[in-house]
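Below is one structure, written out as structure tokens, with a few remarks after it.
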There are 2 protein chains.
Amino acid sequence: MSGNTTRQEIVAAADDLFYRHGFDHTSFAHIAEAVGISRGNFYHHFKTKDEILDAVIEKRVADRVAMMERWEIAGSTPEDRILSFVDILIVNGDKIVRYGCPIGTLTSELAKLNHTARGEANRLFGAFRTWLAQQFTAAGQAETEAHRLAMHLLMRSQGVATLLNAFHDREFAAREVELMREWVGAVLASNGDRARSAKTT
Amino acid sequence: MSGNTTRQEIVAAADDLFYRHGFDHTSFAHIAEAVGISRGNFYHHFKTKDEILDAVIEKRVADRVAMMERWEIAGSTPEDRILSFVDILIVNGDKIVRYGCPIGTLTSELAKLNHTARGEANRLFGAFRTWLAQQFTAAGQAETEAHRLAMHLLMRSQGVATLLNAFHDREFAAREVELMREWVGAVLASNGDRARSAKTT
DNA sequence: GTCTATACGCGGATAGAC
DNA sequence: GTCTATCCGCGTATAGAC
């Protein structure tokens, strides 16, 4: 909580570079250049590259949590909030075309590097997973089913991101987003039916 | 076509290491050690690392094409063949848990490295895409719809692979594979209805 | 806190002997 | 075709002056 601006700048620059070029391929020199400081100064803030990675993951988690809190405020119903998640694929379309999903690609890379921060990185997926499950639960789904639906939606989002990055086909993404929106609507509508019939009987 | 065994061994070892540790992270020393030759000897077969990458991509494409040809023989109907594709997620489950999808992860990495072989790597996805589209067409789907269905299935396969790699949850994968099988059945059944009604009217 | 200078190993790549 | 020896740049990391 020392509020060091330089440290925050380093983390922000590393976050961006790790996303665009990957963790392993990004060097201290790259980050130092992006921030505008010398390489030596670097080690006053972070002793190892892994420490920077931890800080970047921490920042990414915080950013995603903040985003989900905004969705909570903006969306009046659980369905609206879930659709905010789906819309990431459109809102961040340009970046995904170029660099893929920030969470999926980091997770994949750390898995291949067999990096110790693998588990930490999974908190990113976990944040979305539990949040989505909460929304489905709020929409009337049973606990286990809500978690399955959350995983299904996360899965489709990842799949679309991967193929959008490979094929650069925005129409494909738009089509799949529309299918996801329809799927969410159908799932929650049929549940509503069950909920209503359960009430009336 | 010189039939050099050493060359093939290098490509096979590189294929494996690129998959398990990533292209960038795999060094000449790693490959040389895996094959059991010296680093110097290496350059008699490949002048640059990129040449090895090209050869690995070529091998991967050939392997996948051969696999799809086996599916053509094994499956009597287009639906059977499509389900062979879906079942990769189960058959290769262990490897996917550890290293993800060989195609998706390579594509993502090359995108981040902004590597020239990016386009070549996309032939891997392309091979599955066109083959799946052919199967959907053979099952009675219209040309454009067949391609959309192929992309949809490829998307789901990628999404499942990514989350399977992240969460190591085999039950999740089994559940999603079952959903994909149902989806394939439903899509082809409804099409069959349309085809039948078109015939009888 | 920020800098310069530097250590040291590993990466890709080359030369040339056998 | 296979080897050893070697070049050179870049990577992480450290020491120490300002």
Side-chain angles (χ1 to χ4, degrees), chain A residues 1-57 106 109-110 112-118 120-121, chain B residues 1-59 106 109-110 112-118 120-121:
Chain A
M1 304 295 167
S2 58
N4 195 323
T5 304
T6 306
R7 191 192 151 96
Q8 290 171 349
E9 278 180 38
I10 291 172
V11 175
D15 185 12
D16 179 54
L17 289 168
F18 288 176
Y19 176 43
R20 279 163 43 208
H21 308 308
F23 166 71
D24 198 48
H25 200 67
T26 300
S27 69
F28 281 153
H30 291 140
I31 305 172
E33 191 189 22
V35 178
I37 61 172
S38 70
R39 265 172 301 164
N41 184 9
F42 223 96
Y43 290 85
H44 183 261
H45 302 279
F46 296 96
K47 288 178 194 70
T48 66
K49 198 179 176 184
D50 289 355
E51 276 188 26
I52 303 176
L53 177 59
D54 286 339
V56 166
I57 292 172
L106 179 66
E109 185 182 359
L110 295 184
K112 286 207 195 286
L113 299 181
N114 203 16
H115 198 282
T116 50
R118 238 190 120 160
E120 285 302 298
Chain B
M1 303 293 172
S2 58
N4 192 325
T5 304
T6 306
R7 190 192 153 95
Q8 289 170 349
E9 278 181 38
I10 291 173
V11 175
D15 185 11
D16 180 53
L17 289 168
F18 288 175
Y19 175 42
R20 279 162 44 210
H21 308 308
F23 166 70
D24 199 47
H25 200 68
T26 300
S27 69
F28 280 155
H30 291 140
I31 304 172
E33 192 190 21
V35 179
I37 60 172
S38 70
R39 266 171 300 163
N41 183 10
F42 222 98
Y43 290 84
H44 181 260
H45 302 279
F46 296 96
K47 287 179 196 71
T48 66
K49 197 179 177 185
D50 289 355
E51 275 188 26
I52 303 177
L53 177 60
D54 286 340
V56 166
I57 292 172
E58 215 59 53
K59 174 178 158 57
L106 179 66
E109 184 182 0
L110 295 184
K112 286 210 194 285
L113 298 181
N114 204 17
H115 198 282
T116 50
R118 237 190 121 160
E120 285 303 300

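Keep in mind it's a predicted model, so treat the numbers as computed, not measured. Below, chain A is the first sequence line, B the second, and so on; all start at residue 1. Side chains are part of it too, since the values below use all heavy atoms of this structure and drop only hydrogens, waters and symmetry mates.
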(message) Less than 4.5 Å apart, side chain to side chain, heavy atoms only: is that true for B:L110 and B:T116?
(response) no

(request) Look at all strands and tell whether A:S38 reaches a base, only sugar-phosphate, or nothing, counting heavy atoms closer than 4.0 Å. (result) base

(request) Send over the distance from B:E51 CD to C:dG12 C1', rounded to a whole Å. (result) 13 Å

(request) Would you verify whether the NZ or CZ of B:K49 falls within 45 degrees of the ring axis of B:F23 while also being under 6.0 Å from that six-membered ring's centre? (result) yes

(request) Whole angstrom is fine here: how far is it from CG in B:L113 over to C1' in C:dG11? (result) 15 Å

(message) Nearest to the side chain of B:H45, heavy atoms from C-beta on, is which of C:dA13, D:dT2, D:dG11?
(response) D:dT2

(request) Take the angle between the ring planes of A:H21 and A:H30 and call it parallel below 30°, perpendicular above 60°, tilted in between. (result) tilted

(request) Look at the side chain of B:N41 and decide which nucleotide, out of D:dT12, C:dT2, D:dT2, has an atom nearest to it. (result) D:dT2

(request) Indicate yes or no for a side-chain donor-acceptor contact from A:K112 to the backbone of B:Y19 under 3.5 Å, with no hydrogens or angles considered. (result) yes

(request) Check the distance between C:dG1's P and A:H44's NE2 and give it to me in whole angstrom. (result) 6 Å

(message) By nearest heavy atom, map B:G40 and A:T26 onto DNA chain D; which one lands nearer the 5' end?
(response) B:G40

(request) Would you kindly give the NE2-to-P distance between A:H21 and D:dG11, to the nearest whole Å? (result) 12 Å

(message) Whole angstroms only, please: what is the NE2-P distance between A:H25 and C:dG11?
(response) 15 Å

(request) Starting at atom CZ of B:F46, determine the distance to atom P of D:dT2, rounded to an integer number of angstrom. (result) 12 Å

(message) So if I apply the side chain to side chain contact (heavy atoms under 4.5 Å, CB included) rule between B:I10 and each of B:V35, B:D15, B:N41, which one comes out positive?
(response) B:V35

(request) Quickly work out the A:K47 NZ to C:dG1 P distance and round it to whole Å. (result) 13 Å

(message) So A:F28, base contact, sugar-phosphate only, or nothing? Heavy-atom distance under 4.0 Å.
(response) sugar-phosphate

(request) For the side chain of A:I37, starting at C-beta, report the closest nucleotide among C:dA13, C:dC3, C:dT2. (result) C:dC3

(request) Would you tell me if any nitrogen or oxygen in the side chain of A:T6 comes within less than 4.0 Å of OP1 or OP2 on C:dG1? (result) no

(request) Return the nearest nucleotide to the side chain of A:S27; candidates are C:dT2, D:dT12, C:dG12. (result) D:dT12

(message) Return whichever of B:F42 or A:T48 has its heavy-atom-nearest nucleotide of DNA chain D closer to the 5' end.
(response) B:F42

(request) Whole angstrom is fine here: how far is it from NE2 in A:H30 over to P in D:dG11? (result) 6 Å

